[in-house]
Visitor: 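Would you mind keeping the following structure in view while I ask a few things?
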Amino acid sequence: MNTKSIYQEVILDHNKKPRNYGTLDSPSHHAVGHNPLCGDHLDVELNLDGDRIDSIAFHGESCAICKASASMMTTVVKGRSRTDAETMIKEFREMATGTLDPEGQHHLGRLKVFAGVRDLPTRVKCAILPWHTLHAALNSVNTTSTEAEGDPMRAAIGDA
Amino acid sequence: MKLIDSTLKPEFTSMFDVEHIRADFPILKLQVGGKPLVYLDNAASSQMPQPVIDRLVRYQTSEHANINRGVHYLSEKATAEYEAARGKLQRFIHAREDREIIFTSGTTDSINLVMHGYGRKFIGAGDEIILTTLEHHSNIVPWQMLAEEKGAKIRVVPINEAGELLIDEYEKLFTERTKFVGVLHVSNALGTINPVRHMIAFAHARGVPVLVDGAQAVPHMEVDVQDLDCDFYAFSGHKLCGPTGIGVLYGKAELLERMQPFKGGGDMILSVTFEKTTYNSIPHKFEAGTPPIAAAVGLGAAVDYLSAIGVDAIAAYELELLDYATEQLSRLPGVRIIGTAASKTAVLSFVVEGVHPHDIGTLLNQDGIAVRTGHHCVQPVMLRLGVPATTRASFAFYNTMAEADAFIAGVRDVQKIFG
């Protein structure tokens, strides 16, 4: 696979014009994700209305893959239930690490544009960081990291 | 191995025969994703020429046994080759005696040796250690550990926007409590060459010893530890066309003798009973256990190789590469070079407006171009210069002007993609 394809139009577009970029007035849930390897960090804030993600926003310092992943993530989980979001978090992680076939059954839709990171081992974490952080926010763990001990992703979804 | 005439003067380095030199490096023939490798990550690790590879093979094929022990042929041979390597390293950095050369696993290990052997014995509560903003984490963290253990303080020399140390401020940091100075010779992230000779003289006038981290200097310039008059000088083999797992700590004999051992074990003792152990003399006091013998022999061959080309000729050629690449890169709109010191080695750290360094690194890799991206283990420098991370192209004497062109074209392509 030509890994250059990771920088597809849709990813470049979300990097340039990230959706739901910024902060919420009084988020019910919030978490910060760090990638200590590159110093990147990401804030994910959300308001849960019962079990439903009513609103979501993110901001931070990150590469194009991370920012586009975060931007597209916010557009797909907004309005969805916590359970749906957790399913997508699990599926995204599996796709990025190569254990889920992007052409098979899943709920990721056009997020499959990120499937190419499986061929870029050093960039998998960039794509996954927003999803880690969303998971942490949903579970009210306020700081997470791609290097966290007791990986919250692992605790929730089992060893991928 | 084909070498240029070592009597060449620097002003004639346009005659530097880089194509012949490249032929010595098998890895440079590699294709990455169908493109010829352009290796510009030399500040992280350099590549190994065939004569050094051959030397490692010869050692393992016909010379290996444990050293300082057996009375048999191979043990004596391995010991002789290991000690011959020490002599080569002594001459390479112009140390007074070969016992002032201690083989370590690398720069980090060398600095930790000084921290444990000198720092823990001679630095106490309320004492002050001077470091600089430019230090690699490996010359920060050991001293923080010591400061925490002893209740000592760390004082930091600031830098200007160009990435140069503010020497006036350095001088003002000295107090009667100053007990130690740690400074890197050349910045790994920015390429700044620090005025260590002056800094050492200033510290010595106040009775303060100085450790120089020379990891990024030794591969790129003539280093004379007696001329610098440094008390300790640390560097790594793998940045010097040698193997990984080997490095050097140079220390003045009189200081090394006063220091306590770092690691205990075999080879570093004269006699052991459960009541008392008598330590061996230097350098063996600091070389506990079986050392990386093959790596030391390989490093000896590496400095022979570099000396035959001539470190001055290497420095002059690399400066030409730096000047050319700097000029080309500065012409690109939206590119800012980080680290613009007047005196630099061939390191180009830069940021591109609107593009994260990791994306630059991934895209350049598509063109076979290897650069480093991130904070380069110098987070204080990044913080001071207000950039979270940079992309760094670092050149060696086997790089070419054509590779500099490929690199510039690659950066231009990245800008197009992110348009």
Side-chain angles (χ1 to χ4, degrees), chain A residues 1-18 21 32-43 58-72 96 113-130 132-133 145-147, chain B residues 31-35 41 44 136-137 140-141 189 334 338 349-392 406 409-419:
Chain A
M1 181 178 195
N2 176 9
T3 47
K4 215 161 196 165
S5 64
I6 193 67
Y7 292 98
Q8 287 173 27
E9 204 59 40
V10 58
I11 288 180
L12 293 172
D13 176 65
H14 274 268
N15 175 57
K16 212 167 181 179
K17 291 174 289 190
Y21 192 83
V32 187
H34 292 281
N35 185 346
L37 298 181
C38 57
D40 284 358
H41 58 91
L42 204 71
D43 275 47
F58 81 99
H59 65 275
E61 191 74 52
S62 68
C63 65
I65 292 174
C66 182
K67 194 188 260 184
S69 175
S71 171
M72 291 176 74
V113 70
F114 286 97
V117 292
R118 69 175 61 184
D119 298 321
L120 300 169
T122 54
R123 308 303 303 279
V124 169
K125 284 174 180 172
C126 310
I128 291 181
L129 180 62
H132 259 257
T133 313
S145 159
T146 56
E147 307 301 299
Chain B
Q31 301 266 314
V32 175
K35 303 275 180 65
D41 196 17
H136 188 282
H137 293 168
I140 299 174
V141 182
I338 307 295
S349 238
F350 63 98
V351 290
V352 178
E353 203 182 310
V355 192
H356 191 282
H358 275 182
D359 297 315
I360 298 173
T362 296
L363 283 164
L364 288 179
N365 182 55
Q366 306 309 309
D367 293 330
I369 303 166
V371 294
R372 171 85 189 265
T373 61
H375 56 58
H376 315 294
C377 298
V378 286
Q379 288 178 326
V381 175
M382 300 287 121
L383 189 68
R384 165 62 182 83
L385 297 178
V387 289
T390 72
T391 305
R392 179 189 70 187
V411 175
R412 210 182 288 127
D413 284 347
V414 169
Q415 289 185 302
K416 263 183 229 151
I417 288 167
F418 276 80

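In the text below, chain A, chain B and the rest are named by the order of the sequence lines, each starting its count at 1.
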Visitor: With sequence neighbours excluded, what pairs up with B/H375 under the ring pair (Phe, Tyr, Trp, His ring centres under 6.0 Å) test?
Guide: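 B/H375 satisfies ring pair (Phe, Tyr, Trp, His ring centres under 6.0 Å) with B/H137 once adjacent residues are dropped.
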Visitor: Got more than 12 heavy atoms from elsewhere within 6.0 Å of CD, A/E9?
Guide: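 At most 12 heavy atoms, drawn from other residues, nucleotides or ligands, come within 6.0 Å of this atom.
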Visitor: Which residue pairs pass the salt bridge (charged side-chain N to carboxylate O under 4.0 Å, His left out) test when at least one of the two sits in residues 372-391 of chain B, sequence neighbours left out?
Guide: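 Residue pairs with at least one partner in residues 372-391 of chain B: B/E161-B/R384.
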Visitor: Between A/T122 and chain B, which part of the residue has a heavy atom less than 4.5 Å away: side chain, backbone, both or neither?
Guide: neither
Visitor: To the nearest 0.5 Å, what is the distance between OG1 on B/T362 and CD1 on A/I6?
Guide: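 B/T362 OG1 to A/I6 CD1: 9.5 Å, rounded to 0.5 Å.
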Visitor: Looking at every heavy atom in both B/H358 and A/R123, which two are closest together, and how far apart are they?
Guide: O-NH1, 2.8 Å
Visitor: Could you check whether any side-chain heavy atom of A/I65 comes within less than 4.5 Å of a side-chain heavy atom of B/H356, counting everything from C-beta outward?
Guide: no
Visitor: Does B/G354 offer a backbone N or O that forms a donor-acceptor pair with the side chain of A/K16 under 3.5 Å?
Guide: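 Checking the backbone N and O of B/G354 against the side chain of A/K16, no donor-acceptor pair under 3.5 Å is found.
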Visitor: Between A/K67 and B/D359, is the salt bridge (charged side-chain N to carboxylate O under 4.0 Å, His left out) condition met? List the steps.
Guide: CA-CA 11 Å; A/K67 194 188 260 184; B/D359 297 315; over 6 Å; no
